[in-house]
Amino acid sequence: MTVPPTYHLHELGPQAQMMSRNCTNDRMAMVLQYVAIGSMIIMAGVAASQVLKDVFGTTDHKSGRSR
């Protein structure tokens with residue numbers, strides 16, 4: 001089960017799922033499934049954020065508490 005490290009988040013979910021299928025340790029397979037699900041949830045949030053930015057545009061005000 002040697003796989004080179006992933007540096008792109010969009011590749012992490014499918015790679016973790018593939019590794020969990022080939023893993024003989026049940027706990028490690030479960031952790032890899034959680035990693036796959038978590039990365040897919042994060043990517044869905046990033047995609048939704050991008051859609052909202054495309055539809056409504058970016059705001060011109062600064063974020064934070066400075067006035």
Throw together a table of side-chain donor-acceptor distances under 3.5 angstrom for residues 25-38, partners on residues two or more places apart or in other chains.
{"residue": "Asn25", "atom": "OD1", "partner": "Arg27", "partner atom": "N", "Å": "3.1"}
{"residue": "Gln33", "atom": "NE2", "partner": "Ser20", "partner atom": "OG", "Å": "2.6"}

Taking only distance into account, with no hydrogens and no angle test, what donor-acceptor pairs under 3.5 Å do side-chain atoms of residues 43-54 form with protein atoms, sequence neighbours excluded?
{"residue": "Gln50", "atom": "NE2", "partner": "Asp54", "partner atom": "OD1", "Å": "3.1"}

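Rounding to the nearest 0.5 Å gives a distance of 12.5 Å between SG of Cys23 and CE of Met18.
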